[in-house]
Amino acid sequence: MSESTRRAPRSMAEEVLSGLQKPQKTLSSKFFYDKRGSKLFEKITRLPEYYPTRTERKILRDHIDEIARTIGPSSVIIEPGSGSSKKTRLLLDHVPDVVAYIPVDISQEYLGKVVQRLRKAYPSLIIKPVCADYTRSFQLPEIDQPFDYYVIFYPGSTIGNFHPDEAREFLRMLSQFMVPGGGLLIGVDLKKDKAILEAAYNDRKGITAAFNKNMLKRLNRELNADFVVDQFAHRAFYNEEKGRIEMHLVSRTEQDVHIQGETFHFSEGETIHTENSYKYSLDDFKALVSDCFSVNKVWTDKDDLFSLQYLVKKENID
Ligand code: TRP
């Protein structure tokens with residue numbers, strides 16, 4: 001998520017063209033998530049090398065009673081980037097008297113299906129889906145029932161996909177939905193051994209590679225681009241200095257790609273940067289959020305791979 005969080009909306013074509021015109025070619029990671037991309041992402045979360053999802057789920061399970069108590073009753077749960085809403089079910093099953101659930105997702109098709117399933121499983125819960133690019137300011141729907149406060153659920157270490165400056169901006173935007181008493185339950189992947197990190201983004205089955213390359217297929221389909229997908233390779237590595245995993249698509253040869261009347265030249269080995277995944281220490285993260293939030297609780301797994309944190313909005317911020 002390299003886009004600034006509150007710029008005027010631009011079309012996908014505009015964003016793609018301007019990203020590819022940069023000296024380091026870039027494509028925004030939000031374009032990963034078309035229907036196939038969302039499915040491939042689901043597969044990534046089940047890979048043996050990809051520890052974040054199952055570790056976060058275990059933390060959530062192991063501490064669900066305390067988490068539920070921390071959230072408290074009569075809340076409305078908002079989930080930006082809800083995807084399959086799987087982890088949310090644990091919350092919905094344990095947090096007392098949730099008044100409503102607001103999943104926010106960019107993929108209309110996926111959101112519709114997930115909500116259909118949730119309505120069956122939770123017939124008395126008010127569910128108000130919002131289809132939006134949640135990195136831009138979005139509107140919350142009316143909830144015509146009394147509730148105490150909003151709790152924002154932001155699992156999956158998606159915060160790590162923002163540049164730290166943009167993460168700060170984004171957290172400020174989220175804090176504006178909240179009143180004192182409300183909280184932000186957020187998953188944060190932790191710094192650790194480089195080999196573990198790199199394996200997680202270079203799985204042996206090549207699902208992450210397929211996910212990365214799917215972006216090019218999507219641009220071919222939706223913007224009439226002519227990427228030869230096999231002429232690009234997946235590359236992911238840990239940039240220690242910046243504390244982040246970087247994902248790139250590497251041009252295997254010198255080649256030209258055409259999109260909407262523009263020509264983009266690639267030299268052999270030139271890359272398109274598609275994603276960052278920043279890793280934080282607990283102290284790093286506390287400092288990152290400190291403009292708007294204090295860290296109220298932190299739950300981790302026994303190997304300190306991942307953390308789930310409950311942040312509360314500080315007093316006296318706008
Ligand atoms: N936020 C998670 C992470 O950075 C999930 C994720 C987002 C991801 N984009 C990804 C995982 C691309 C693999 C590849 O790990």
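For clarity, every value in this text was computed on a predicted model and none was experimentally measured.
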### Task
Taking Glu198 for its side chain and Tyr238 for its backbone only, find out whether a donor-acceptor pair lies under 3.5 Å.
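Yes, because the side chain of Glu198 sits within donor-acceptor range (under 3.5 Å) of the backbone of Tyr238.
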#### Entry: Check: Glu240 main-chain N/O paired with Arg244 side-chain donor or acceptor under 3.5 Å
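Not a single qualifying donor-acceptor pair exists.
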Is the number of heavy atoms from other residues, nucleotides or ligands under 6.0 Å of [X] [atom1] greater than 12?
{"X": "Glu109", "atom1": "CD", "value": "no"}
{"X": "Lys192", "atom1": "NZ", "value": "yes"}
{"X": "Lys39", "atom1": "NZ", "value": "no"}
{"X": "Lys297", "atom1": "NZ", "value": "yes"}

Classify the side-chain pair [X]/[Y] by whether it contains a donor and acceptor separated by less than 3.5 Å.
{"X": "Ser281", "Y": "Asp283", "result": "no"}
{"X": "Tyr201", "Y": "Ser277", "result": "yes"}
{"X": "Glu66", "Y": "Trp299", "result": "yes"}
{"X": "His265", "Y": "Gln255", "result": "no"}
{"X": "Asp284", "Y": "Tyr278", "result": "no"}
{"X": "Asn276", "Y": "Asn161", "result": "no"}
{"X": "Glu79", "Y": "Tyr101", "result": "yes"}
{"X": "Tyr110", "Y": "Asp34", "result": "no"}

### Task
Apply side-chain contact (heavy atoms from CB on, under 4.5 Å) to Asp62 and Asp301, showing your working.
CA-CA 9 Å; Asp62 288 353; Asp301 56 293; over 6 Å; no
### Message
Could you check whether Arg252 pairs with Glu268 (Lys NZ or Arg NE/NH1/NH2 to Asp/Glu carboxylate O, under 4.0 Å)?
### Response
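Looking at Arg252 and Glu268, the cut-off is not met.
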### Task
State which residue, out of Asp203, Leu40, Thr274, fulfils the side-chain contact (heavy atoms from CB on, under 4.5 Å) condition with Phe211.
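Filter result, single survivor: Leu40.
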### Message
My understanding is that only one of Tyr134, Tyr149, Phe138, Tyr150 makes a ring pair (Phe, Tyr, Trp, His ring centres under 6.0 Å) with Phe177; could you say which?
### Response
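Single pass found, and it is Phe138.
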Distance, nearest 0.5 Å, that separates [atom1] of [X] from [atom2] of [Y]:
{"X": "Ile159", "Y": "Arg168", "atom1": "CD1", "atom2": "CZ", "result": "10.5 Å"}
{"X": "Thr53", "Y": "Lys58", "atom1": "OG1", "atom2": "NZ", "result": "15.5 Å"}
{"X": "His273", "Y": "His248", "atom1": "NE2", "atom2": "NE2", "result": "4.0 Å"}
{"X": "Thr208", "Y": "Leu47", "atom1": "OG1", "atom2": "CG", "result": "5.5 Å"}
{"X": "Ser307", "Y": "Phe285", "atom1": "OG", "atom2": "CZ", "result": "7.0 Å"}
{"X": "Asp304", "Y": "Leu282", "atom1": "CG", "atom2": "CG", "result": "7.0 Å"}

Test item: [X] and [Y] side chains (from C-beta on) under 4.5 Å apart, heavy atoms:
{"X": "Ile78", "Y": "Val151", "result": "no"}
{"X": "Asp65", "Y": "Arg69", "result": "yes"}
{"X": "Leu20", "Y": "Ile272", "result": "yes"}

### Partner of Thr271 by side chain to side chain donor-acceptor pair (under 3.5 Å), out of Lys25, Arg235, Gln24
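The side chain to side chain donor-acceptor pair (under 3.5 Å) with Thr271 is passed solely by Gln24 among Lys25, Arg235, Gln24.
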### Query
Is there a side-chain contact (heavy atoms from CB on, under 4.5 Å) between Val130 and Gln139 once you walk through the steps?
CA-CA 8 Å; Val130 175; Gln139 294 287 315; over 6 Å; no
#### Entry: side-chain contact (heavy atoms from CB on, under 4.5 Å) between Leu223 and Leu17, worked out
CA-CA 10 Å; Leu223 299 181; Leu17 295 181; over 6 Å; no
### Query
Are Arg117 and Ser85 close enough, and set up right, to give a side-chain contact (heavy atoms from CB on, under 4.5 Å), and what steps lead you there?
CA-CA 10 Å; Arg117 265 184 255 142; Ser85 296; over 6 Å; no
### Task
Just do the ring-ring contact (aromatic ring centres under 6.0 Å, His included) check on Phe227 and Phe232 with the steps written out, would you?
CA-CA 9 Å; Phe227 285 100; Phe232 288 85; 5.7 Å; yes
### Query
Are Met247 and Val250 grouped together when hydrophobic residues (ILVMFWY) are joined by side-chain heavy atoms under 4.5 angstrom apart?
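No: no chain of side-chain contacts under 4.5 Å links Met247 to Val250.
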